[in-house]
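When a ligand or atom number is given, it counts from 1 through the structure's own listing order. Position 1 is the first residue of the sequence; numbering continues from there. Keep in mind it's a predicted model, so treat the numbers as computed, not measured. Excluded from the calculations below are hydrogen atoms, water molecules and symmetry mates; all remaining heavy atoms, backbone and side chain alike, are included.
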Amino acid sequence: MALHLSAEVADALAASRPVVALESTIISHGLPRPRNLDAAREFEGILRERGVTPATIAVLDGVPQIGLDDDGVRRIAEEDLAKASVRDLPILAARGGSGATTVAATAHLAAAAGIRVFATGGLGGVHRGASETFDESADLPTLAETPITVVSAGVKSVLDIGATLERLETLSVPVIGYGTRAFPAFWLRESGHELDWQVDGADEVAAVMAARDELGSRAGIIVAADAAGVRGKAVTPFLLGYIVDASGGRSLEINLDLARNNVRVAADIAAAWVQRRTA
Ligand code: PSU
Ligand code: MN
């Protein structure tokens, strides 16, 4: 599939400068208008401030875009775009259609363009009741065969976290806590699931990425970051507050905080990766 790289992303990759991929489904389907447009610009701004080139990914008029211009960012925020996972990409391409890419589709396209680090909010995973419905996001099997490091605040809060972690184990996708051994439950810092591995900085993640390459693995790496979450005795008041305010407000701001933090962590990892490779 022909990809279109924005000039700044193509230049950054050619010059071995750090690049971080960003997904568009969180903008199109995960955040309300008009706040989503500010958020899309803000995520890009956080990267630029750190000297990292943002590559927001979407399919526009049949062409997978790796890096969007101002008009492209506006389109993913304002148009009613299809939610596009990996299986939808050839259909959109053949028909000249447009779509906002999920974690799976973003990871697939970013890796095809040579991008190694990706920041999102929460991953898809195994839905509750999946033993009956088989509803498991394509995010999981895609990360089993897509060499990219994804920074997330765990998985979407409505999912079966234990089952998702079991599937990631089966699929041989490393899951590493960033400064924590507790797998976050999106809004909450602790899901009750302990991870096997913790790293305490971006250099350590870059070292794992390098070792992954040397070992010939094709799997992605999930880095779980939790900085904005709620823990301990704050959990119950938080949940009550959330139930009172289920229309948005507080949960929206926490969603944004989590995503911002993931973008910052991804920026550090992308910089550490480039430094390691060019050292
Ligand atoms: N997490 C959220 N909001 C979202 C998503 C994840 O809190 O909108 C999106 C991501 O793009 C993820 C996708 O890849 O949902 C997974 O959807 P599905 O379960 O249909 O594969
Ligand atoms: Mn599904």
Check: Is Glu253 close to Arg35 at the side-chain level, that is, under 4.5 Å between some pair of heavy atoms?
Finding: yes
Item checked: Leu109 vs Gln65 side-chain heavy atoms within contact, under 4.5 Å -> no
Item checked: Identified side chain to side chain contact (heavy atoms under 4.5 Å, CB included) counterpart of Val117 within the set Val150, Val20, Val205 ->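 Output: one option passes, namely Val20.
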Next item on the list: Give me the one residue out of Leu258, Leu256, Leu252 that meets side chain to side chain contact (heavy atoms under 4.5 Å, CB included) with Ile254.
Entry: Leu258
Notebook entry, point to check: Can a salt bridge be assigned to the pair Glu49 and Arg264 using a cut-off of 4.0 Å between side-chain N and carboxylate O?
Noted result: no
Notebook entry, point to check: Taking 4.0 angstrom as the limit, do Arg75 and Asp69 come out as a salt bridge?
Noted result: no
Shortest protein contact, [atom] (heavy atom only):
| atom | result |
| --- | --- |
| atom 20 (O) of ligand 1 | Lys83 NZ, 2.9 Å |
| atom 9 (C) of ligand 1 | Thr25 CG2, 3.9 Å |
| atom 8 (O) of ligand 1 | Gly30 CA, 3.9 Å |
| atom 21 (O) of ligand 1 | Ser137 OG, 2.6 Å |
| atom 6 (C) of ligand 1 | Gly122 O, 3.1 Å |
| atom 3 (N) of ligand 1 | Lys156 CD, 3.9 Å |

Check: At a 4.0 Å cut-off, with the gap strictly under it, does some heavy atom of Glu136 reach an atom of ligand 1?
Finding: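 For ligand 1, residue contact (heavy atoms, under 4.0 Å) with Glu136 is absent.
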Next item on the list: Would you sort out whether Asp257 and Asn261 count as a side chain to side chain contact (heavy atoms under 4.5 Å, CB included), showing the intermediate values?
Entry: CA-CA 6 Å; Asp257 265 354; Asn261 184 62; over 6 Å; no
Note to self: Can a donor-acceptor pair be found, under 3.5 Å and without considering hydrogens, that links the side chain of Ser6 to the backbone of Leu68?
What the structure shows: no
Notebook entry, point to check: Any donor and acceptor pair, going by atom type alone, linking the side chain of Asp139 with main-chain N or O of Ala104 inside 3.5 Å?
Noted result: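 Indeed, once roles are kept as given, a pair shorter than 3.5 Å links the two residues.
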Margin query: Just to be sure I read this right, does ligand 1 sit under 4.0 Å from the backbone of His29, its side chain, both, or neither, counting only heavy atoms?
Written below: neither
Margin query: Test of understanding: given a 4.0 Å heavy-atom threshold, classify the contact between Asp139 and ligand 1 as side chain, backbone, both, or neither.
Written below: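 It is the side chain that touches ligand 1; the backbone stays farther off.
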Item checked: Closest Asp135 atom to the Mn ion (ligand 2) [N, O or S only] -> OD1
Heteroatom proximity flag, [X] to ligand 1, N/O under 3.5 Å:
| X | result |
| --- | --- |
| Ala104 | no |
| Gly124 | no |
| Glu23 | yes |
| Thr101 | no |

Item checked: Considering all heavy atoms, the nearest Ala111-Ile148 contact ->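 For Ala111 and Ile148, the tightest heavy-atom pair comes out as N-CD1, 4.3 Å.
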Check: Numbering the atoms of ligand 1 from 1, which are under 4.0 Å from a heavy atom of Thr102?
Finding: 11 (O), 14 (O)
Checklist line | ligand 1 atoms in contact with His127 (distance to a heavy atom under 4.0 Å) | finding: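 The atoms of ligand 1 under 4.0 Å from a heavy atom of His127 are 19 (O).
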